[in-house]
Amino acid sequence: MKWAPITKTTAAANLDGYERTCAEFSWQDAGTLLSGLPDGLGLNVAYEAVDRHATGPMAGKTALRWLDRDDGVHDLTYAELAERTNRFANLLAGLGVRRGERVFTLLGRVPDLYVATLGALKAGCVLSPLFSAFGPEPVRQRLQLGEGAVLVTSPALYRRKIRRLRAELPSLRHVLLTGRDAEPDTTALEPAMAAQSATYEIGATAPEDPALLHFTSGTTGTPKGALHVHAAVLAHHVTARYALDLRDDDIFWCTADPGWVTGMSYGVIAPLTLGATIISDEGEFDARRWYHVLASQHVTNWYTAPTALRMLMREGGALAGGFDLSALRFIASVGEPLNPEVVVWGQEALNLPVHDNWWQTETGAIMIANFASEEIRPGSMGRPLPGIDAGLLERGDDGRAEVIGGHVREITEPGVDGELALRPGWPSMFRSYWGDPARYGKAFADGWYLTGDVARRDADGYYWFVGRADDVIKSAGHLVGPFEVESALLAHPAVAEAGVIGTPDPVAGELVKAYVSLKPGHEPTEDLRLELLAFGRKALGAVAPKAIVFEQRLPHTRSGKVMRRLIKARELGLPEGDVSTLEGV
Ligand code: ATP
Ligand code: MG
């Protein structure tokens, strides 16, 4: 199968009819969209992302446009990116780093992060990106678990977080520091790179060779290290075209940090494989700055997260009106349920709807999406991508799919909650949880990968998120999805964000309790609390929250998700568990 011709004038022409595209799709056929290594040496992520564009007409095109904190703009062309990543791969080889060894990055969004990532992939190493705002403990945990051989970081981050950990990290042989100056027992990257050859031939890389080790967000517990292979690049490429409507003449901004799977799959790899231009912004979230980036960089496709959109919404639509966003064609969101209010707000304030899509660190790429060419259903995650076989499984008492005698039961009728499951077989599927084969084994049953999320499906095959299996609340015989309650509250003009949990109750089993943060100009008064309770009852009936607590700072993961398990632990006075990914610690 090949895609219908994509031209600027045929908006959203990526899917030539959803059903037909799905019926005709095969991963094997799609494989012809990639070039593969020369001389049949296999498939390498970095070759598909960089080298294949670095000679010929694309060489001089901007691959990466980096916006520094001080509003400086710096461009790297495909040819320049190829050269730098070659030097980095040569550097690793010169240091004696072997294929399959783990190279970690602990860097802000700076060009060296992209260079180290793609250079390490060229060298056949496994790249594991860490979010730069992690404290020393989460960094140590991950480096130890993944037995990192190399760490690329900045002098400041090294001094603050790594130096005193060195003794506890026996596998860490090399620390490379960005810039010109080294510390004791480290290598300065700039002179070391300058001393390398600018050419590098990528060695034979089997599609099943390990490529990326991504730690999950830790929303539900201790983060897991999901291992992905080079073949994943095909899924990145294909899903970016389908679910993000991305084409080679686009300017793409993915606001997720490459320390998370979204920021790697779609902030680095996918847009480069398509020959697009990546915008990378070193700065942090700020409503005005973000609109400025969108406008000044003529961003065409923007991939962001619900919390960020909710924050923009909190600022009000008038702010957006002051910027020229006419280049923007497509907005997508991932990471958390996207409240329908936000989709509708996008339509009003930005003149574009927001396309929700769903996936996980484990799936490596988008699995379910509202497509560019298809009707959007606000509040729905959309439909499975071509090549993705999704299903819903009947659940047992623990909220997860019930496995009886090795078998599960698939739900076929619409509107019924079940654990969302996927048939393994797509290329970016994780191949293990690093160091934890037992946990990996438990993620599968009866030929399905079990996602841990609960969803329902409507008669047209659109999936609707209910909650994580752990978060679903059982109250007086009702199963309550926190997302539904949060979205209902968000429809109230005073509410900025909500986190809903179940608290134990002798009669009802669990009571629905909502933690709510307010928009500017609203006070947490008793009157407002009563008004919100009534508002909830009107919208939700029996499953409405019975208690509301105002809390301006709901706990979030660093990847931007509301941490309901932490709200609950605090509420019940229980241990907080692993908080290594909690924002602001
Ligand atoms: P951990 O597995 O460590 O608890 P995590 O599940 O948050 O953390 P990720 O892999 O980053 O780690 O996130 C995937 C999860 O995020 C999904 O399983 C789902 O619960 C949630 N999610 C992602 N996209 C969406 C979406 N569009 N709608 C609803 N939930 C989403
Ligand atoms: Mg998860």
Side-chain angles (χ1 to χ4, degrees), residues 129 131 138 141-142 212 214-226 228 239 243-244 256-266 303-307 309 331-340 342-343 354-370 376-385 390 399-400 419-422 428-430 433-434 436 439-440 442-443 449-456 462-472 481-484 486-487 555-566 577-583:
F131 186 47
Q141 261 181 17
R142 288 162 178 75
L212 292 156
H214 272 300
F215 290 90
T216 61
S217 293
T219 314
T220 55
T222 306
K224 299 148 274 189
H228 293 278
T239 55
L244 303 177
D257 189 276
W260 307 109
V261 74
T262 304
M264 181 57 69
S265 298
Y266 298 100
Y303 195 19
T304 189
T307 22
L309 291 163
I331 308 175
S333 161
V334 72
E336 268 204 303
L338 181 68
N339 319 85
V342 183
V343 180
V354 183
H355 300 75
D356 189 17
N357 58 55
W358 175 94
W359 57 293
Q360 305 179 306
T361 307
E362 289 87 341
T363 70
I366 301 168
M367 298 282 108
I368 295 179
N370 285 280
I376 290 184
R377 301 205 171 168
S380 160
M381 311 186 286
R383 288 184 286 182
L385 265 79
R400 302 290 307 263
E419 180 169 356
L420 180 57
L422 302 159
S428 64
M429 172 70 177
F430 74 133
Y433 282 132
W434 193 272
D436 200 348
R439 190 163 194 177
Y440 181 71
K442 275 193 221 136
Y449 162 64
L450 312 174
T451 68
D453 285 342
V454 176
R456 62 180 77 113
Y462 281 75
Y463 282 78
W464 300 74
F465 188 78
V466 173
R468 293 166 183 264
D470 302 345
D471 290 340
V472 175
F483 173 52
E484 189 183 358
E486 289 159 11
S487 287
H556 287 90
T557 64
R558 292 193 181 277
S559 56
K561 302 160 197 264
V562 176
M563 278 174 110
R564 293 179 196 79
R565 75 164 158 102
L566 198 57
D578 190 314
V579 289
S580 62
T581 62
L582 179 65
E583 193 182 62

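Since the model is a prediction, treat every value here as computed from it, not as a measurement. Indexing begins at 1, ligand by ligand and atom by atom, following the structure's order.
In plain terms, the two heavy atoms of Val354 and Val342 that are nearest each other are CG2-O, 4.2 Å. Of all heavy-atom pairs spanning Tyr266 and Trp359, the tightest one is CE1-CZ2, 3.4 Å. Minimum interatomic distance between Ala365 and Ser428 (heavy atoms only, all atoms of both residues): CB-OG, 3.3 Å.
Note on ligand 1: Val334 sits in its first shell, one or more heavy atoms being nearer than 4.0 Å. Residue contact check for ligand 1: Asn357 places a non-hydrogen atom closer than 4.0 Å to it. Not a single heavy atom of Phe215 sits closer than 4.0 Å to an atom of ligand 1. Ligand 1 has at least one atom lying under 4.0 Å from a heavy atom of Gly335.
Cation-pi geometry between Arg558 and Phe131 is not met: the NZ or CZ atom fails to fall both under 6.0 Å from the ring centre and inside 45° of the normal.
Here Phe465 has side-chain heavy atoms under 4.0 Å from ligand 1, and that is the only part of it that gets that close. In Trp359, the part holding a heavy atom less than 4.0 Å from any atom of ligand 1 is the backbone.
The shortest N or O to N or O distance between Gly218 and ligand 1 is below 3.5 Å. Taking any N or O of Asp356, backbone or side chain, at least one lies under 3.5 Å from an N or O belonging to ligand 1.
Annotation: atom 17 (C) of ligand 1 to nearest protein heavy atom, Asp453 OD2, 3.1 Å. Here the protein heavy atom with the shortest distance to atom 4 (O) of ligand 1 is Thr220 OG1, 2.4 Å. Taking atom 11 (O) of ligand 1 as the reference point, the nearest protein heavy-atom neighbour is Ser217 OG, 2.8 Å. Annotation: atom 5 (P) of ligand 1 to nearest protein heavy atom, Thr219 OG1, 3.4 Å. When only non-hydrogen protein atoms are considered, atom 25 (C) of ligand 1 lies nearest to Trp358 CD1, 3.5 Å.
We find the OH-CZ distance between Tyr462 and Arg377 to be 5.0 Å, quoted to the nearest 0.5 Å. A distance of 12.0 Å separates OG1 in Thr361 from CE in Met264, rounded to the nearest 0.5 Å. Note that CE of Met381 and OH of Tyr463 are 8.5 Å apart. Values are rounded to the nearest 0.5 Å. With values rounded to the nearest 0.5 angstrom, Thr451 atom OG1 is found 7.0 Å from Arg400 atom CZ. Asp578 CG to Arg565 CZ: the interatomic distance, rounded to the nearest 0.5 Å, is 6.0 Å.
Ligand-side atoms of ligand 1 in range of Lys224: 1 (P), 2 (O), 3 (O), range being under 4.0 angstrom from any heavy atom. Close approach of ligand 1 to Pro337 is summarised as follows: ligand atoms under 4.0 Å from at least one heavy atom of the residue are 28 (N), 29 (C), 30 (N). Near Thr361, with a cut-off below 4.0 Å to any heavy atom, the atoms of ligand 1 are 9 (P), 10 (O), 11 (O).
Heavy-atom proximity to atom 6 (O) of ligand 1, evaluated over Lys561, His214, Arg468, Glu336, is greatest for Arg468.
The main-chain N or O of Val334 is never found under 3.5 Å from a side-chain atom of Asn357 such that the two would form a donor-acceptor pair.
Phe430 has its ring centre less than 6.0 Å from the ring centre of Tyr440.
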